[in-house]
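Residues: numbered from 1 along the sequence shown.
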Amino acid sequence: MADTSTDAQSDFKAAMRRFTSTICLITTELDGARHGMAATAVQSVTADPPTVLVCINQSASISQPLKTSGKFAVNMLHLSHAGLVPLFSGKLKGEERFDHGNWLSLDGMPVLSDAQAAFVCQLKDVVHVGTHDVVLGEVLEARFIESIAPLLYENGQLVRSSSISGSAA
C-alpha cells in the first residue's frame, strides 16, 4: 500500500508552487547579534491593531532569537534586492548576511533602508503547527518607498509583477 501522507505532502508542495508571493527578509537582533532569513509565508492579519503573521521553521537559525528578543522586522524586498535572496536562504550564515544591503536600526531591529516596505513588530503570539511556528506581530512602525516593484517568488523562481491593462478582472 502506498504511503498516502508522502503523496499528499508531495502534491501539496507542487500545488503551493502555484502561489506567487512577495519575498521578505525577516530579521531580529538579540544581544547585539543580527539574525535573518528569507520568507514568503508573510501575511497581514488585521489593521486594528496592525498585525502581521510570519511562518518560521522551528529549526531555522532565527527561530529562537526572534522568540527571545520579542521583536522582529519584516523587510519586503524590491526588485533591486534579488541578490539578497540566496544570501538569506542559506548561502551565508549569521552576521555575514548583513554585509550585503543597506541596513539601519529601527526600534532596535535591522531594517533595509530601501525596502519596498518594512514593518517593525512586537511579538504577540506564537502558534506551533507541525514543523513551523506561526508568529503574530503587532506593527510598531511601518515605512515604505514610493516605487512599487516588489520582488516575487513563483514556481521556484524570482519574478516581477505587471499590470493587466484593459482587463475587467
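Proximity of L77 to T22: side-chain heavy atoms (C-beta onward) are nowhere separated by under 4.5 Å. Within the 4.5 Å cutoff, the side chain of V42 has heavy atoms near those of the I26 side chain. At least one side-chain heavy atom of V134 sits under 4.5 Å from a side-chain heavy atom of C55.
Connection of L25 to L66 is not established within any shared hydrophobic cluster, with ILVMFWY side chains joined at heavy-atom distances below 4.5 Å, either directly or through further cluster members. When hydrophobic clusters are built by joining Ile, Leu, Val, Met, Phe, Trp and Tyr residues whose side-chain heavy atoms come closer than 4.5 Å, directly or via intermediates, I23 is not grouped with V74. By the rule that hydrophobic residues join a cluster once side-chain heavy atoms approach within less than 4.5 Å of another member, V127 and V45 end up as members of one cluster. Linking Ile, Leu, Val, Met, Phe, Trp and Tyr residues whenever their side-chain heavy atoms come within less than 4.5 Å places L87 and L158 in a single cluster. A single hydrophobic cluster is not seen to contain both V52 and L136; linkage of ILVMFWY side chains at heavy-atom distances under 4.5 Å, directly or through other members, places them apart.
Under a cut-off of 6.0 angstrom, the local environment of CG in D99 is crowded, with over 12 non-hydrogen atoms contributed by other residues, nucleotides or ligands. For Q43, the CD atom is loosely surrounded, since the number of other residues' heavy atoms within 6.0 Å does not exceed 12.
In terms of heavy atoms, L151 sits closest to A82 at CD2-CA, 3.6 Å. When every heavy atom of V129 is checked against every heavy atom of Q58, the shortest pair comes out as N-NE2, 4.5 Å. Summarising the geometry of S61 relative to P65, their closest heavy-atom pair is O-CD, 3.3 Å, with the distance given to 0.1 Å. Listed here is the closest heavy atom pair of A73 and V111: CB-CG2, 4.0 Å. Nearest heavy-atom pair across S147 and H78 is OG-NE2, 3.4 Å. Of all heavy-atom pairs spanning M37 and A60, the tightest one is SD-CB, 4.4 Å.
Between F98 and W103, the ring-plane angle classifies as perpendicular under the 30° and 60° cut-offs.
Side-chain N or O atoms of S113 include one that pairs as donor or acceptor with a backbone N or O of N102 at under 3.5 Å. The backbone N or O of A14 lies less than 3.5 Å from a partner atom in the side chain of R18, making a donor-acceptor pair. With hydrogens and angles disregarded, a donor-acceptor distance shorter than 3.5 Å links the side chain of K71 to the backbone of D107. Not a single donor-acceptor pair under 3.5 Å links the side chain of S69 to the backbone N or O of T28.
The distance from atom CD of Q116 to atom CG of L79, rounded to the nearest 0.5 Å, is 8.0 Å. Summarising the geometry, atom CZ belonging to R143 is positioned 9.0 Å from atom CG belonging to D114; distances are rounded to the nearest 0.5 Å. The CD1 atom of I62 sits 11.5 Å away from atom CG of D133, with the distance rounded to the nearest 0.5 Å. Note that the CD atom of E154 and the CZ atom of R160 stand 13.0 Å from one another [nearest 0.5 Å]. Considering OH of Y153 and CZ of F19, their distance stands at 14.5 Å, rounded to 0.5 Å. Put simply, CE on M76 and NE2 on H81 are 12.0 Å apart, with the number rounded to the nearest 0.5 Å.
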(request) Apply salt bridge (Lys or Arg N to Asp or Glu O under 4.0 Å) to E29 and R34, showing your working. (result) CA-CA 4 Å; E29 187 167 326; R34 295 179 292 183; 5.3 Å; no
(message) I'd like to know whether L112 forms a side chain to side chain contact (heavy atoms under 4.5 Å, CB included) with L84, so could you lay out the CA-CA distance, the side-chain angles of the two residues, the decisive distance to 0.1 Å, and finally the verdict.
(response) CA-CA 11 Å; L112 272 170; L84 294 177; 3.9 Å; yes
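Of the residues V139, D125, T46, the one that meets the side chain to side chain contact (heavy atoms under 4.5 Å, CB included) test with T51 is T46.
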